[in-house]
Amino acid sequence: MKVFCGRANPISGALDWVEESEEYDYHQEIARSCYADMLHDRDRNVKYYQGIRAAVARVKARGESVIVLDIGTGTGLLSMMALTAGADFCYAVEVFKPMADAAQRIVERNGFSDKVKIINKHSTGVTVGPDGDMQTRANVLVTELFDTELIGEGALPTYEHAHRNLVQEGCEAVPHRATVYAQLVESELLWSWAQLQPMEVESRRLVPPSGMGRCAGAHSVCDIQLSRVTPDSFTPLGPLCTMFTVDFSKPVSSAPRSYSSRFSASSNGRGQMVLSWWDIHMDPGGTIVCSMAPSWTYPEAQTAPWRDHWMQSVYFLPIEKRVTEGEEVALTVCHDDYSLWYSLQSSSQQDTNTEAPPCRPRCTCQAHLVWTRPRFGELNDHHRTESYVSALRSVLKTDSVCLGVSDGSLLPVFAHILGAKKVFSLEHSKMSKQVIQQVLEASSMTGGVQLLEIRPDQLTSKDLGGEQISVLLGEPYFSTCLLPWHSLFFWYCRTALVGILRPDATILPRAATLHMVVVEFRDLWKIRAPCGTCEGFDIKPMDEMVQRSLDFRESHESEPHHLWEYPCHALTQTRAAMTFDFTRCVPQQPISSQGSLPLIRSGCCHGVALWMEYQLTADIAVSAGLTGPVGEQGVCEWSRHRKQGVYFFRSPWDRLEEGRAAVSYSLTFEPSLGDIKMEFTVEQ
Ligand code: SAH
């Protein structure tokens, strides 16, 4: 069977649907999955083990045999824990075939195969009875089916079905219950990810369209490492509220529900968003707790366990709401079978509120479909805007004819404000065209920028009313970009447009430079590190499976990550590896760069971080990676707006001493592919 995979095409700027073998698809799923990170999550593993031991002991104390149902067994880890704790038999259900096969190998290797039945099905397809998948219903239900939002992976319908069909009444459940917490806050930083903020350019005010301010925004959860958002970047407006609890040992309903929590506002402010996380109690007494609370909720001497498979969530309120200190308010959470959303009411409003709870938010203004959350943050970054405006100011003349090539960009609007004679902008979709159109209308600049929905290679001077372009503008930003160098699509556009550019045209940015630095991650390495053993169980077949998938094709590809969420420190100097000169067309021949980066600090070489810096003019540059020089101890501060590329070295990652090692690199930009092949080797 063939499957289609989306792949950014830096030459066409499109997201190509590439036909791949089914094998490719599953190798990707395994290679990029969270399994490793989950198995490295010691806090989770230890607490599951404690909870499972306690549940098995309770059933044994009742004189019953212990029959376990492990839904979503993965490596079989929780089943092996249950058997070690004395369970009599485990039914281990796993829907993902390669995982179910790995589980089979792992339980065999650990000597449990006669006591575990691996069932390669979705749990809702499992049957019970003499000819069924399970001989009898289970009396211990063990699962780990949660995501950052708790219910986003379908935990509720899975539990609902299991209680109806697969487990006995009064069964033990590990975890026993989950509780969702939320706190109302005001935060300029986080709000800049949700709404376009008014901005001033040359004393002209650019304002968001009114429909944008009233729009509830994207419905998808904003999951982030909240520990990396420091408490000085938000103001709590109320206490941490316990929103709701699900008891997994009793029948669970996946029907939509809402819950409210009342409190009096703790300070004046604008209620803009809710910070949320959950915890699970592994036992009925709540003595074994696995919590997702961010690190700043911990007392100073303690550190929060790190994990990437479960983070924290930010829920943006549909509309910001002023609250005054002491005011009684009600925070309401609603859920359907897969997602959660929040709203805020004043208490009086809530008393008289007989209406149904607010329905799931959806974007009505289109801006939240055109701009992702980091993109909103980027557009709202005053500092960045200032760099572009200064650069524009220095190149624009009164007779300038500008053409903007970037998706959903405000750069052409700035060029209009700065007095260019004519400004055109190429937009990739009707929707992004409409969004920019609305911004122009709201700011009384209708017609200031002529928006064209034409591909650069099809644009003619006729489309520009016979004009030749004197200034080509790009941030550059394209919504299909995944890795930093995918923005080189701008270079291909510039090349395609050569016929309608004046010979002396200014290209802004004039160049892009790919930078790199070798880093040691505090935690991110765990997502790619083999596990070996986990809580005493040999899970090497899992490591081997991941390794095979990494080797399958994309072994030497980097992956995109928002590095501001993942602390790392630099082990080498940063290096400008390659420069792409936008004042010239894309060359025919490859560009390559080789060299060596000596280690200047000791540590484990986990990987190489890569990012682009755009040279707007001779003296103004904008970085999509490091926001400043590397700190004294190698501390790196990363831009929040774009993802950086990470090339992970293959483990083992031995600790290396400075001065005794270097990382050699070889990079090749292949113009016919628009891609950069890279190889890095640690030289001991
Ligand atoms: N239990 C393992 C793995 C947890 S990851 C551990 O704790 O380490 C969750 C796994 O559940 C995934 O492998 C996913 O494929 C599987 N899964 C999720 N929902 C399922 C369902 N309803 N039925 C069967 N498998 C499911």
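Counting starts at 1 for both ligands and their atoms, following the listed order. Nothing here was measured: the structure is a model prediction, and the numbers come from that model. Computation of the quantities below employed the complete heavy-atom set of this structure, encompassing side-chain atoms and omitting hydrogens, waters and symmetry-equivalent molecules.
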- prompt: What part of Tyr48, side chain from CB on, backbone N/CA/C/O, both or neither, has a heavy atom under 4.0 Å from ligand 1?
  reply: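 For Tyr48, no heavy atom sits under 4.0 Å from ligand 1.
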field: Shortest protein contact, atom 2 (C) of ligand 1 (heavy atom only)
entry: Thr73 O, 3.2 Å
field: Side chain, backbone, both or neither: the part of Leu78 lying under 4.0 Å from ligand 1 by heavy atom
entry: side chain
message: Would Gly72 count as a polar contact of ligand 1, with the cut-off being nitrogen or oxygen pairs under 3.5 Å?
response: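 For ligand 1, there is an N or O atom that lies under 3.5 Å from one belonging to Gly72.
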field: atom 19 (N) of ligand 1 [closest protein heavy-atom partner, distance rounded to 0.1 Å]
entry: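 Looking only at protein heavy atoms, the one closest to atom 19 (N) of ligand 1 is Leu145 CD2, 3.4 Å.
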message: For Tyr49, does the six-membered ring have the charged nitrogen or CZ of Arg53 within the cation-pi criterion, i.e. under 6.0 angstrom from the centroid and within 45° of the normal?
response: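 Flagged: Arg53 positioned over aromatic ring of Tyr49.
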message: Could you identify the single nearest non-hydrogen protein atom to atom 8 (O) of ligand 1 and state the distance to 0.1 Å?
response: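 Nearest protein contact, heavy atoms only, for atom 8 (O) of ligand 1 is Arg44 NH2, 2.9 Å.
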Atom 15 (O) of ligand 1: the protein heavy-atom neighbour that sits closest, reported with distance to 0.1 Å: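 Heavy-atom neighbour on the protein nearest atom 15 (O) of ligand 1: Glu94 OE2, 2.7 Å.
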field: For atom 23 (N) of ligand 1, the protein heavy atom that lies nearest, with its residue and separation
entry: Ser123 N, 2.9 Å
- prompt: What part of Lys121, side chain, backbone, both or neither, has a heavy atom within less than 4.0 angstrom of ligand 1?
  reply: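 Backbone only.
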Identity and distance of the protein heavy atom lying nearest atom 9 (C) of ligand 1: Glu144 O, 3.4 Å
- request: Return yes when His122 approaches ligand 1 closer than 4.0 angstrom through a heavy atom, no otherwise.
  value: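 Within the 4.0 Å threshold, so yes.
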message: Considering non-hydrogen atoms of the protein only, which is the closest contact for atom 12 (C) of ligand 1, and what is the distance?
response: Tyr35 OH, 3.4 Å
- prompt: Can we say Asp538 and Arg109 salt-bridge, meaning some charged N sits less than 4.0 Å from an Asp/Glu carboxylate O?
  reply: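 Yes.
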- request: Under 4.0 Å, heavy atoms only, figure out whether ligand 1 is touched by the backbone of Thr124, its side chain, both or neither.
  value: neither
- prompt: Which residue holds the protein heavy atom closest to atom 25 (N) of ligand 1, what is that atom called, and what is the gap in Å?
  reply: Val95 N, 3.2 Å
Residue from Arg62, Glu64, Glu169 passing side-chain hydrogen bond (donor to acceptor under 3.5 Å, both in side chains) with Asn139: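 In the set Arg62, Glu64, Glu169, the residue that makes a side-chain hydrogen bond (donor to acceptor under 3.5 Å, both in side chains) with Asn139 is Glu64.
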